[in-house]
Amino acid sequence: MAETFTERVRNLIKNIPPGRVATYGLIAAMAGNPRAARQVVWVLHSSSEKYDLPWHRVINSKGKISLSPGDGFELQKKLLTHEGIEFTGDNQVNLSKFLWNP
DNA sequence: AACCTGACTTCGG
DNA sequence: TCCGAAGCCAGGT
């Protein structure tokens, strides 16, 4: 069928279980394009609300939140912490422990 | 149809 | 080790 890369990304994100996180690059790779991380960003912006996507479980490759303080950062950190994900003193997540790897 | 944009990623200095 | 610059993809205007 003719699913677009974006649609697959949307489904993948929707399938991220609570207490786990995924990186933009990882999602892009699972959707078929390891280099389309930027496209993943666009998907979150365009359909996170419409499709109930757990956008807060998506972080960058360094294991950190990409949002800036005052622009969603605190909210995201709060949501993740609430799901049991721990942050280092550097606001960094231990990927080898919380990364979603099905 | 062309240009712009985005919560990225990666390599080089 | 840290900062800057370039590369990449697809949807929107």
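Throughout, a chain's letter reflects where its sequence line sits, starting with A, and its residues are numbered from 1.
- OP1 or OP2 of C:dG11 lies within a sub-4.0 Å distance of a side-chain N or O belonging to A:T6.
- Look at CZ on A:R35: it is 13 Å from C1' on C:dA6, rounded to the nearest Å.
- Identified under the salt bridge (charged side-chain N to carboxylate O under 4.0 Å, His left out) test for residues 93-102 of chain A, with sequence neighbours left out: A:E86-A:K97.
- Residue A:W42 places its side chain closer to C:dG12 than to any other of B:dA7, C:dC9, C:dG12.
- Residue A:N33 places none of its side-chain N or O atoms closer than 4.0 Å to OP1 or OP2 of C:dC8.
- Checking C:dA10, C:dG11, B:dA7 against the side-chain heavy atoms of A:Y24 singles out B:dA7 as nearest.
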Legend entry - Dot-bracket summary - DNA chain C, pairs being Watson-Crick or G-U whose distances fall under 3.5 Å, with | when paired to another strand: .||||||.|||||

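- Atom pair A:L44:CG and C:dG11:C1' shows a separation of 14 Å (rounding to whole Å applied).
- Between the CD1 atom of A:I27 and the C1' atom of B:dT9 there is a distance of 14 Å, given to the nearest Å.
- With distances taken from any side-chain atom of A:T23 to the nucleotides B:dA7, B:dG6, B:dT9, the minimum falls on B:dT9.
- Among the nucleotides C:dG12, B:dT10, C:dC8, the one closest to any side-chain atom of A:R38 is C:dC8.
- Here A:S47 pairs with nothing under the side-chain hydrogen bond (donor to acceptor under 3.5 Å, both in side chains) rule; sequence neighbours left out.
- Across the protein-nucleic acid pair, A:H45 atom NE2 and C:dA10 atom C1' stand 15 Å apart, rounded to whole Å.
- Closest to the side chain of A:N60, from the set C:dC9, B:dC8, B:dA7, is B:dC8.
- Distance, A:R57 CZ to B:dA7 P: 21 Å, rounded to whole Å.
- To the nearest 0.5 Å, atom CZ of residue A:R57 and atom CH2 of residue A:W100 are 10.5 Å apart.
- With DNA chain B read from its 5' end, the first of the two nearest nucleotides for A:Q39 and A:L26 is the one closest to A:Q39.
- Rounding to the nearest 0.5 Å places CG of A:N60 at 8.5 Å from CD of A:Q92.
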